[in-house]
Amino acid sequence: MARLIEVTDPEDPAVDDFRDLTTADRRPDRPGGRGLVIGEGRLVVERLLDSPYPLRGLLGERRRIDALSGVLEGLDVPAYVVEPDVLAKIVGFHLNRGVLAVADRPPETDPAWLIENSRRLAVLEGVVDHENLGAMFRNAAGLGLDGVLLGRGCSDPLYRRSVRVSMGHVLRVPFARLDDWPADLGLLEAAGFRVAALAPRSGAVPVAKADLSSGKVAVLLGSEGPGLSERALAAADLTVGIPMARGVDSLNVAASAAIVFHAMGEDLVD
């Protein structure tokens with residue numbers, strides 16, 4: 001069982017991993033800083049505990065820690081128990097979910113390995129909004145994609161807000177960064193992938209007719225507003241579009257991703 005440790009002083013250095021979550025220059029989940037992974041709320045914490053991310057500890061109200069007792073068995077990590085007001089002072093805001101867990105980041109995944117071991121991939125360019133990024137990872141997990149490749153300009157999927165919006169599913173979907181963009185898209189071609197770019201363009205193949213569920217397929221998705229760059233579009237084998245009602249040109253990128261991921265899907269277990 002995790003070691004339960006009572007903390008009454010919000011300045012106790014033992015809980016520094018959880019401190020100042022709203023202070024931009026001191027956030028423990030910034031990749032340029034300590035680079036920790038933070039799970040917030042019971043469901044996300046459970047998924048963090050069930051992930052390959054090396055757990056450092058938990059912080060929460062007693063009833064929230066007690067509710068996790070079944071999954072804390074056999075873990076040799078500290079679980080800091082605090083009152084709600086102490087918790088708020090430590091993290092910097094009132095946390096109504098009442099519990100957090102912190103883990104170290106594992107080594108980055110090699111994109112060549114991820115491509116070699118996948119059949120259905122999402123490839124993102126310039127997705128900077130953390131909520132959209134988290135929602136797309138949740139979509140990828142729910143609709144059976146094998147992984148996500150992050151191209152130029154994408155935000156960190158392990159930022160606390162992305163982890164929360166993904167409901168912790170970012171912790172189970174493999175991802176890797178493509179450093180040489182868009183040249184690294186050639187890795188997909190070499191591995192036998194058909195690359196489809198999602199863009200609201202005249203002449204785009206309707207998603208229902210693009211046969212995205214056959215063979216190895218990677219779908220390129222861009223940011224809100226600008227969408228995919230011309231260089232990324234030129235690297236794709238085809239352009240796919242989602243037919244829209246008159247007067248509407250596009251959907252939110254996370255909603256668009258869900259539609260395309262579903263079209264990519266094979267048989268899923270209910």
Side-chain angles (χ1 to χ4, degrees), residues 1-5 7 15 17-19 21-22 27-30 35-84 86-88 90-106 122 127 129-148 155-175 252 254-255 257-258 261-262 265 268-270:
M1 180 67 181
R3 291 171 275 120
L4 300 185
I5 302 170
V7 172
V15 295
D17 282 354
F18 306 89
R19 193 175 306 286
L21 300 188
T22 59
R27 294 182 60 100
D29 57 338
R30 294 182 64 200
L36 302 180
V37 181
I38 299 174
E40 180 181 327
R42 178 179 174 181
L43 281 177
V44 178
V45 167
E46 288 180 346
R47 286 171 182 150
L48 180 56
L49 296 180
D50 193 39
S51 78
Y53 291 64
L55 189 67
R56 295 170 64 95
L58 296 92
L59 173 72
E61 301 167 26
R62 178 169 291 280
R63 63 189 180 94
R64 305 289 190 178
I65 298 290
D66 288 346
L68 291 164
S69 60
V71 294
L72 294 179
E73 292 181 6
L75 294 178
D76 184 22
V77 295
Y80 300 105
V81 179
V82 293
E83 293 296 324
V86 175
L87 178 60
I90 293 169
V91 302
F93 62 97
H94 178 67
L95 183 75
N96 55 20
R97 294 173 181 85
V99 65
L100 305 100
V102 168
D104 289 312
R105 292 175 182 242
V127 179
D129 184 274
H130 294 103
E131 294 193 3
N132 281 335
L133 194 58
M136 293 167 81
F137 268 87
R138 185 177 183 181
N139 294 341
L143 296 170
L145 266 66
D146 298 311
V148 176
S155 292
D156 177 23
L158 297 179
Y159 185 81
R160 180 174 62 90
R161 185 178 299 170
S162 293
V163 175
R164 184 183 71 231
V165 172
S166 79
M167 291 302 295
H169 290 297
V170 69
L171 305 170
R172 61 176 289 198
V173 176
F175 66 88
N252 166 275
F261 295 171
H262 186 269
L268 298 174
V269 177
D270 290 336

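Scope of the values below: all heavy atoms of this structure, side chains included, with no hydrogens, waters or symmetry mates.
Separating the CD1 atom in I38 from the CZ atom in R56 is a distance of 10.5 Å, to the nearest 0.5 Å. Rounding to the nearest 0.5 Å places CZ of F18 at 9.5 Å from CG of L87. A distance of 12.5 Å separates NE2 of H169 from OG of S51, quoted to the nearest 0.5 Å. Rounded to the nearest 0.5 Å, atoms CZ (R164) and CG (L43) are 14.0 Å apart.
Under the 4.5 Å side-chain criterion, counting only non-hydrogen atoms from C-beta, I5 is not in contact with V81. The shortest distance between side-chain heavy atoms of L100 and L58 does not fall below 4.5 Å. No side-chain heavy atom of E40 sits less than 4.5 Å from a side-chain heavy atom of V163. Side-chain contact between V173 and L145: absent, with no pair of heavy atoms (C-beta onward) separated by less than 4.5 Å.
Less than 6.0 angstrom separates the ring centroid of Y159 from the ring centroid of H130.
For residues 138-147, there are no salt bridge (Lys or Arg N to Asp or Glu O under 4.0 Å) pairs, not counting sequence neighbours. Pairs of residues two or more places apart, or lying in two chains, that qualify as salt bridge (Lys or Arg N to Asp or Glu O under 4.0 Å) and include a residue from residues 58-68 are E6-R62, E61-R63. Residue pairs satisfying the salt bridge (Lys or Arg N to Asp or Glu O under 4.0 Å) criterion with at least one member in residues 42-53, sequence neighbours excluded, are listed as follows: R42-E46.
Classification of R105 and D156 as a salt-bridged pair holds, one side-chain N sitting under 4.0 Å from a carboxylate O.
The heavy-atom pair separating P157 from S162 by the smallest distance is O-CB, 3.2 Å. The minimum heavy-atom distance linking L48 with A103 is given by the pair CD1-CB, 3.9 Å. Minimum heavy-atom separation, N139 to A257: ND2-CB, 4.4 Å. Smallest separation of non-hydrogen atoms from A258 and L143: O-CD1, 3.3 Å. Closest approach of F137 and S166 over heavy atoms only: CB-CB, 4.3 Å.
Take R172 and apply the side chain to side chain donor-acceptor pair (under 3.5 Å) test, not counting sequence neighbours, and it matches no residue. The side chain to side chain donor-acceptor pair (under 3.5 Å) test applied to N252 returns N132, E224, not counting sequence neighbours.
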For residues 70-78, which side-chain N or O atoms pair as donor and acceptor with protein atoms under 3.5 Å away, sequence neighbours left out?
unit_1	atom_1	unit_2	atom_2	d
D76	OD1	R3	NE	3.0

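Partner of V91 under the side-chain contact (heavy atoms from CB on, under 4.5 Å) criterion, chosen from V82, V86, L21: L21. Checked against V37 for a side-chain contact (heavy atoms from CB on, under 4.5 Å), the options L171, D104, L55, V170 give a single hit: L171.
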